[in-house]
2 protein chains.
Amino acid sequence: MAAPSTNRVEPVGAPDVRREQMLEAAAAVMGERGFSETRIADVARRCDASPALVIYYFGTKDRLLTEALRWSEDRFYALCTAALGALPTARERLELLVHRTCVPDGAGEVPGWGLWFDLWAQALRHQEVAKDRIALDERWRRTIVDVVAHGQDTGELGDVDAKDFAVTFAALIDGLSIQVALVDPEVDPDRAFRIAMGFASDALGVDWRVPAKKRRSSSGR
Amino acid sequence: MAAPSTNRVEPVGAPDVRREQMLEAAAAVMGERGFSETRIADVARRCDASPALVIYYFGTKDRLLTEALRWSEDRFYALCTAALGALPTARERLELLVHRTCVPDGAGEVPGWGLWFDLWAQALRHQEVAKDRIALDERWRRTIVDVVAHGQDTGELGDVDAKDFAVTFAALIDGLSIQVALVDPEVDPDRAFRIAMGFASDALGVDWRVPAKKRRSSSGR
DNA sequence: GTCGGCTGACTGACTGTTCAGTCTAAAGAC
DNA sequence: GTCTTTAGACTGAACAGTCAGTCAGCCGAC
């Protein structure tokens with residue numbers, strides 16, 4: 001394209017687009033290689049730019065990676081909330097949340113688990129990332145609370161403390177996701193799903209148990 | 001520095017001792033700085049050796065860090081099992097396990113959480129570390145199973161599937177620990193402890209609930 | 001004397017960042 | 001309509017710092 005002179009594959013596009021491309025590329029590379037193994041050159045190659053241009057846009061590598069982390073979080077959250085709205089029952093909504101997290105690495109357009117591990121590791125040592133991570137988890141729990149509250153409004157769920165449930169449920173899902181992401185022989189996605197929904201059943205006083213060995217490649221709706 | 005002869009603080013000691021010192025130093029630095037921010041020079045300084053000596057002992061940086069990771073895991077496990085043996089009841093034992101994990105970073109001689117995050121991140125991308133991590137978690141769950149089985153033998157606990165409980169409980173503790181390690185405003189150590197023991201109470205059919213606001217700086221024995 | 005633990009000085013590779021300048025397209029000037 | 005100017009996206013080529021790993025040799029103990 002852009003025939004005569006340059007031989008760019010893409011028309012390059014507006015600065016905003018370029019920026020987004022770079023963030024996406026950075027998030028992707030970070031997911032594959034890991035935070036600190038990510039080179040500016042990798043990101044640049046991936047979005048068809050020069051390393052200098054990446055610096056031109058973000059100033060420093062650190063800023064690029066930090067922003068990419070945030071961008072990825074936002075994207076994950078946006079995708080989740082959008083998908084949630086399309087589901088009618090609390091049960092389906094909770095199932096969706098579990099699916100979105102307890103997924104083997106690399107599946108779907110969701111940022112891989114590598115990013116989460118790195119996010120935690122970075123949050124432990126960098127103030128700014130720590131703040132982001134707290135906000136992200138708060139949002140995540142609020143999402144769970146909203147799902148439960150909605151279920152209570154429709155009468156699907158009885159009276160439980162949605163906030164308490166959210167804290168525990170979020171922690172449980174995190175823990176299960178780790179096992180799934182690391183391909184633990186004891187905890188495959190199916191089992192993780194059943195454990196999570198089993199806990200939700202008990203805690204919320206409903207019967208959402210999934211019969212073992214029944215489910216299969218149930219891509220959330 | 002390097003006055004007349006040597007001004008070593010320690011008599012340096014046998015090679016085995018030296019090796020162990022290096023592993024401990026490496027684990028400590030990794031916990032502080034993170035896996036990939038750990039420099040051989042840092043480790044060397046910490047155990048009062050030259051960078052060249054560290055390479056002399058371990059060949060490559062990679063080998064050093066991998067071994068340090070394993071060493072740290074083993075140490076954590078050894079400390080835990082030793083402490084467990086000193087406690088009579090299943091309740092006290094489970095409480096100990098929760099304490100050992102849901103602790104703010106840096107407290108105690110237990111390897112900090114930074115190491116765990118890095119372990120996960122590395123396991124995601126390196127076969128060898130992945131194997132170690134699976135073995136570690138398997139050991140961890142077996143520890144929980146043993147505690148439960150012991151409680152069932154003494155009649156303290158009723159009939160539950162210890163393995164199922166272990167998988168869920170381990171995941172829950174992991175998730176809670178992350179929040180505690182990252183100083184989440186919503187999940188302090190105290191709350192994490194209560195949530196974990198509350199879950200155990202329900203799952204095991206006993207009443208181990210800890211009344212809120214009661215506990216304080218309870219350094220596990 | 002020799003052997004193994006140990007070291008300082010060095011190197012080679014890598015990589016974030018800078019910089020001087022190119023190319024493009026839009027905005028004015030005429 | 002054509003020429004000039006300007007802004008800003010973009011780049012290749014260096015630069016400078018960092019570090020893992022090498023090497024030739026020291027030194028004390030057996």
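Numbered from 1 within each chain, the chains take letters A, B, ... in sequence-line order.
- In this structure, NZ of B:K61 is placed 8 Å from C1' of D:dA20, rounded to the nearest angstrom.
- For B:D118 (side chain) and B:F35 (main-chain N/O), a donor-acceptor pair under 3.5 Å exists by modelled atom type.
- Counting to the nearest Å, the P atom of C:dC6 and the CD atom of B:Q21 are 10 Å from each other.
- Separating the CZ atom of B:F35 from the P atom of D:dA20 is a distance of 12 Å, rounded to the nearest angstrom.
- Comparing atom distances between the B:I40 side chain and each of C:dT7, C:dT17, D:dG21 picks out D:dG21 as nearest.
- For residues 169-184 of chain A, every residue pair satisfying the salt bridge (charged side-chain N to carboxylate O under 4.0 Å, His left out) rule, not counting sequence neighbours, is listed here: A:D184-B:R133, A:D184-B:R141.
- Closest contact between the side chain of B:I55 and the listed nucleotides D:dA9, C:dT7, D:dG21 involves D:dG21.
- Nearest to the side chain of A:Y56, among D:dG21, C:dC6, D:dA9, sits D:dA9.
- Distance, A:D42 CG to C:dC14 P: 13 Å, rounded to whole Å.
- Residues B:R191 and A:D164 are paired through a salt bridge, judged by an N-O separation under 4.0 Å between the basic side chain and the carboxylate.
- Residue B:D42 forms a salt bridge (charged side-chain N to carboxylate O under 4.0 Å, His left out) with just one option from B:R46, B:R39, B:R45, and that option is B:R45.
- When rounded to the nearest whole Å, the span between CG of B:L53 and C1' of C:dA9 equals 16 Å.
- The CZ atom of A:R39 sits 16 Å away from the P atom of D:dT18 (whole-angstrom rounding).
- Each of C:dC6, D:dG21, C:dT17 was ranked by its minimum atom distance to the side chain of B:Y57; first place goes to C:dC6.
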